[in-house]
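Side chains are part of it too, since the values below use all heavy atoms of this structure and drop only hydrogens, waters and symmetry mates.
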Amino acid sequence: MEQREFVVEQETAGQRIDRFLSGEDTGLSRSALQALVADGHVLCNGRLVAKSLKLKAGDTIVLEIPDAKPIEAVPQDIPLEIVYEDEHLLVVNKPKGMVVHPAPGNPDGTLVNALLWHCKGSLSGIGGEIRPGIVHRLDKDTSGLLVVAKNDEAHKSLASQIEKKTARRIYFGLCDGNFKEDEGVVDKPIARSKKDRKKMAIDEDGRRAVTHYKVLERFGKYTLVRFELETGRTHQIRVHAASLHHPIVGDEVYGGSTVLYKNGQLLHAKELVLEHPHTHEIMHFECELPSYFQAVLRKLGSKIYNSI
């Protein structure tokens, strides 16, 4: 088990302990840190604490990071489109319909199962037993770029970049309706829906969520939009688009129309910019929209995709 020690400075005094730790270089998300607090892996001045504890200058915090549990997911020979790979990380273009990690209802056939086969055990263990190497995720029916850590140091670096908003994640989505503005920012907190626990919702008591958007092409009843995540909440783009009354086409969960497309949301993680965890080189990855997405745009008379 790894242990890390932090001393609270005057400028961070008054913060909740989970917020304080999320601002330190732990490589863990705030939700993961909250879970460690709840499980008794965080001490303040030698005592167990609650996540709501507010810190004072001079407090000594000890964070225990448990060793990863043995991997229970089964390696499966599932084809993957690898965009980039080295000894530290790989970037994969995830297809629509593939679940990222095993969960109830999806015990196998996932990206994790495919990665375990492809990497022959060379994946980070920070994500736990069923999510080795997974730094961030995409919804089942969202396609596109996803980075995977092949060792723990890479995982810590990549997770930290996402947490500190230095990594950039850019999506293209086709939305219902005609946006009034050419660009804008949605800054609305998101939490689990109180009415339907399978959905997320705008909630003032939720975690802050920020999405930047820019119109790329207008089709009257539909708009092709570029989204960039500043934060990474579950279903963030889908919830924020719906909150603007422009849900993603095909996204029946959040009110998207299915006239043009009815096999899941037309949302694609198109670009990924990150710092290599070992060389510190800034790396920019990009992949084209899937053929079915391009076909819908051509049907609408897209000038961007008119001859592809």
| Over 12 non-hydrogen atoms of neighbours within 6.0 angstrom of CZ in Arg19 | no
| message | Around atom CD of Glu11, are there more than 12 heavy atoms from other residues, nucleotides or ligands closer than 6.0 Å? | response | yes
| Of the options Thr142, Leu146, Asp139, which is the one that meets Val100 in a side-chain contact (heavy atoms from CB on, under 4.5 Å)? | Leu146
| request: Let me know which of Asn45, Val7, Val8 forms a side-chain contact (heavy atoms from CB on, under 4.5 Å) with Ile61. | output: Val8
Is the distance between the ring centroids of [Y] and [X] under 6.0 Å?
{"X": "His246", "Y": "Phe179", "answer": "yes"}
{"X": "Tyr261", "Y": "Tyr292", "answer": "yes"}
{"X": "Tyr254", "Y": "His235", "answer": "yes"}

Under a 3.5 Å threshold, yes or no: a donor from one side chain and an acceptor from the other, between [X] and [Y]?
{"X": "Gln236", "Y": "Thr231", "result": "yes"}
{"X": "His212", "Y": "Glu183", "result": "no"}
{"X": "His101", "Y": "Thr110", "result": "no"}
{"X": "Asp86", "Y": "His276", "result": "yes"}
{"X": "Thr166", "Y": "Gln161", "result": "no"}
{"X": "Thr60", "Y": "Glu5", "result": "no"}
{"X": "Ser157", "Y": "Glu275", "result": "no"}

Sub-4.5 Å side-chain heavy-atom contact between [X] and [Y]:
{"X": "Arg238", "Y": "Pro247", "result": "no"}
{"X": "Glu153", "Y": "His88", "result": "no"}
{"X": "Tyr213", "Y": "Glu181", "result": "yes"}
{"X": "Ser143", "Y": "Pro95", "result": "no"}
{"X": "Arg169", "Y": "Glu228", "result": "no"}
{"X": "Val49", "Y": "Leu43", "result": "no"}

| task | Look at the aromatic rings of Phe20 and Phe6 and report parallel, tilted or perpendicular, splitting at 30° and 60°. | result | perpendicular
| Aromatic ring pairing Tyr84/Phe285, orientation class (parallel under 30°, perpendicular over 60°, tilted between) | tilted
| field | Atom pair CG/OG1 of Asp187 and Thr211 - distance to nearest 0.5 Å | value | 9.0 Å
Taking the side chain from [X] and the backbone from [Y], do they hold a donor-acceptor pair closer than 3.5 Å?
{"X": "Asn113", "Y": "Gly109", "value": "yes"}
{"X": "Thr279", "Y": "Glu281", "value": "yes"}
{"X": "Lys262", "Y": "Gly250", "value": "no"}
{"X": "Lys94", "Y": "Met98", "value": "yes"}
{"X": "Asp203", "Y": "Asp205", "value": "yes"}

Charged N to carboxylate O below 4.0 Å: is that the case for [X] and [Y]?
{"X": "Arg16", "Y": "Asp18", "result": "yes"}
{"X": "Glu271", "Y": "Arg168", "result": "no"}
{"X": "Lys188", "Y": "Glu204", "result": "no"}

| field | Residues Asp182, Arg218; criterion salt bridge (Lys or Arg N to Asp or Glu O under 4.0 Å); working and verdict | value | CA-CA 10 Å; Asp182 288 334; Arg218 298 177 184 273; 2.7 Å; yes
| task | Return the minimal non-hydrogen interatomic distance between Gln265 and Asp251, and the atom names on each side. | result | CB-CB, 3.7 Å
| Could you go step by step and tell me if Val42 and Leu21 meet the side chain to side chain contact (heavy atoms under 4.5 Å, CB included) rule? | CA-CA 10 Å; Val42 178; Leu21 287 172; 4.1 Å; yes
| Would Ile237 and Ile190 show up in the same hydrophobic cluster when neighbours are defined by side-chain heavy atoms closer than 4.5 Å? | no
